[in-house]
Visitor: 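The structure that follows is given in the form of structure tokens.
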Number of protein chains: 2
Amino acid sequence: MATGRPREFDLDERLDRALEVFRRHGYEGTALSDLTEAMGINKPSLYAAYGNKAALFSKALDRYSAGPASYVQEAMNAPTARAAAETLMRGSVDLNTCEPRGCLFVQGALATGPQGDPARAEVAARRDAGQEALHERFERALAEGDLPAGTDTEALARHIWAVTYGLSIQATGGATADELHRTVDLVLSAFPRPDATP
Amino acid sequence: MATGRPREFDLDERLDRALEVFRRHGYEGTALSDLTEAMGINKPSLYAAYGNKAALFSKALDRYSAGPASYVQEAMNAPTARAAAETLMRGSVDLNTCEPRGCLFVQGALATGPQGDPARAEVAARRDAGQEALHERFERALAEGDLPAGTDTEALARHIWAVTYGLSIQATGGATADELHRTVDLVLSAFPRPDATP
DNA sequence: GGAGTACTATACCGATCGGTACTGATTGCG
DNA sequence: CGCAATCAGTACCGATCGGTATAGTACTCC
């Protein structure tokens, strides 16, 4: 089995460029020609290297999770429930108030036509996974006494994520990092505190 | 000036059908053929009656504001800041957990390609207007002693709207009304209470 | 009832969509 | 050096996009 001519570009580096385009215009708003232009490769190279548009989007989501959005995983490993919530929200603000603005998990494919369905399903599944991960993190905190007994951890996780999504939407609308951090301050000031006496 | 043959359909009733399609698939995800099929009219009739796709979307936004999303205005007229926040969030949950799910102001056109730019700008402007309206409502509440002195009303308005947006996104992902209302409970339990003593 | 108007419906417009053959150059391996 | 495989580039595919011209029909007014 001969090896043949090697690829002349770096897969991940070009994937980063695709990621930026997807973040700016969403899955449906991005044309193949936008991608090939930004990535500096031709369509056949794109198909050979990544599959098709949907597969490229999926790979971009992976890269996004591991790179710009790695604060999500970081949050799950934070020492306290409060720190997890703060890491998540601050990370979202910092990420989404720089160009390209907006969270790929939210605006990548929120409502689509039929041909955007796979992309939409995929981002929805990833949002669900994030919700579940935070829920479990809060459940652990509850068991550790890091959250007051009786806390509705599912509703709390949903709240934190709802704020995180909402902040990213506001960021795309032009809100500044300072404005959004003040909102995070407000949310954190109301975050349930562990029971004083065990 | 002769009147000519009258229109055979009701403008607003067909606009409601267009609104439903836009809510399901967003501006870019909706094709003209989807619209004409759902509305039961032909393309030339659509153009004569509403202008073009962007104008139809704009009219659908108006109708959405005045109809399904009228709870937003209702919230601004609520007697207290807390009631305003509750009306907004509960209204969002109730609206977005029924088919078609999702808020048109959010998922109608969040990230788009070039030809979706006008629609995107329009929903962004309407979100901004909502933010400003709630901010002013909270400012009034502050002046009336309905919110504690020193409250960051802008951050509070941003928080409530962020939650509202986030809830609509979670609703499109399949969250139930009950789950989301529990989240609203949580947010309301942390809502600032008026100073006990004036 | 005739004139004029605005309707409906079909067919069509150029442009662009996602995706693919085809071509010729370039590389690694035997 | 020759073989085989993959590369980059162009041209092209059918389908669909938003939008419109054309044609035929149903209505109101005088």
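Here is the naming used below: chain letters follow the sequence lines, and residue numbers restart at 1 for every chain.
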Visitor: For B:Arg82, enumerate each residue passing the side-chain hydrogen bond (donor to acceptor under 3.5 Å, both in side chains) test, keeping only those at least two apart in sequence or located in another chain.
Guide: none
Visitor: Return yes if a side-chain donor-acceptor contact under 3.5 Å exists between B:Thr153 and B:Glu139, otherwise no.
Guide: yes
Visitor: Once you round it to whole Å, what is the distance between C1' of C:dC7 and CG of B:Leu11?
Guide: 13 Å
Visitor: How many whole angstroms separate atom CG of B:Asp34 from atom C1' of D:dC17?
Guide: 11 Å
Visitor: Could you tell me how far apart A:Met39 (CE) and D:dA8 (C1') are, to the nearest whole angstrom?
Guide: 15 Å
Visitor: For the rings on B:Tyr165 and B:Phe105, is their centre-to-centre separation under 6.0 Å?
Guide: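 Between B:Phe105 and B:Tyr165, which both carry aromatic rings, the centre distance is not below 6.0 Å.
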Visitor: Please give me the minimum heavy-atom distance between B:Pro194 and B:Gly145, naming the atom from each residue.
Guide: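 Looking at all heavy atoms of both residues, the shortest contact is CB-O, 3.5 Å.
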Visitor: May I have the distance from B:Leu32 (atom CG) to D:dG18 (atom P), rounded to whole angstrom?
Guide: 5 Å
Visitor: Round to the nearest Å and state the distance from B:Phe9 atom CZ to D:dC27 atom P.
Guide: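 Spelled out: CZ on B:Phe9 to P on D:dC27 is 15 Å.
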Visitor: Please pick, from D:dG18, D:dA8, C:dT8, the nucleotide with the shortest atom-to-atom distance to any side-chain atom of B:Lys43.
Guide: D:dG18
Visitor: Any side-chain N or O of B:Lys53 under 4.0 Å from OP1/OP2 of D:dG18?
Guide: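 Result: yes.
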Visitor: For A:Arg17, is there an ion pair with A:Asp34 - N to carboxylate O distance below 4.0 angstrom?
Guide: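 Result for this pair is no, no salt bridge flagged.
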Visitor: Tell me: CD of B:Gln115 to C1' of D:dG19, nearest whole Å?
Guide: 12 Å
Visitor: Under 4.0 Å, counting only non-hydrogen atoms across every strand here, what does A:Thr30 touch: a base, just sugar-phosphate, or nothing?
Guide: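 Since only primed, P, OP1 and OP2 atoms lie under 4.0 Å of A:Thr30, the category is sugar-phosphate.
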Visitor: Rounding to a whole Å, what distance do you find between A:Arg14:CZ and D:dA8:P?
Guide: 9 Å
Visitor: Expressed in angstrom and rounded to an integer, what is the separation of B:Tyr47 atom OH from D:dG18 atom P?
Guide: 7 Å
Visitor: With no hydrogens and no angle check, just 3.5 Å: does a side-chain donor-acceptor pair link B:Ser58 and B:Glu122?
Guide: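 Yes, because at least one side-chain N or O of B:Ser58 sits under 3.5 Å from a partner of the opposite role on B:Glu122.
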Visitor: Please determine if a side-chain N or O atom of B:Asn42 lies less than 4.0 Å away from the OP1 or OP2 oxygen of C:dT8.
Guide: no
Visitor: Here's a test of your reading of the structure: between A:Pro44 and B:Ala31, which maps to the more 5' nucleotide of DNA chain D?
Guide: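 Comparing both residues, the 5'-ward one is A:Pro44.
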Visitor: Under 3.5 Å, is there a donor-acceptor pair between the A:Ser92 and A:Asn96 side chains?
Guide: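 Per modelled atom types, A:Ser92 and A:Asn96 side chains form a pair under 3.5 Å.
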Visitor: Under 4.0 Å: is that the gap between some side-chain N or O of A:Ser45 and OP1 or OP2 of D:dA8?
Guide: yes
Visitor: So if I take the C1' atoms of five pairs at each end of the helix from C:dG1-D:dC30 to C:dG30-D:dC1 and get each local axis, what angle do the two axes make, rounded to 10 degrees?
Guide: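 One end axis against the other gives 10°.
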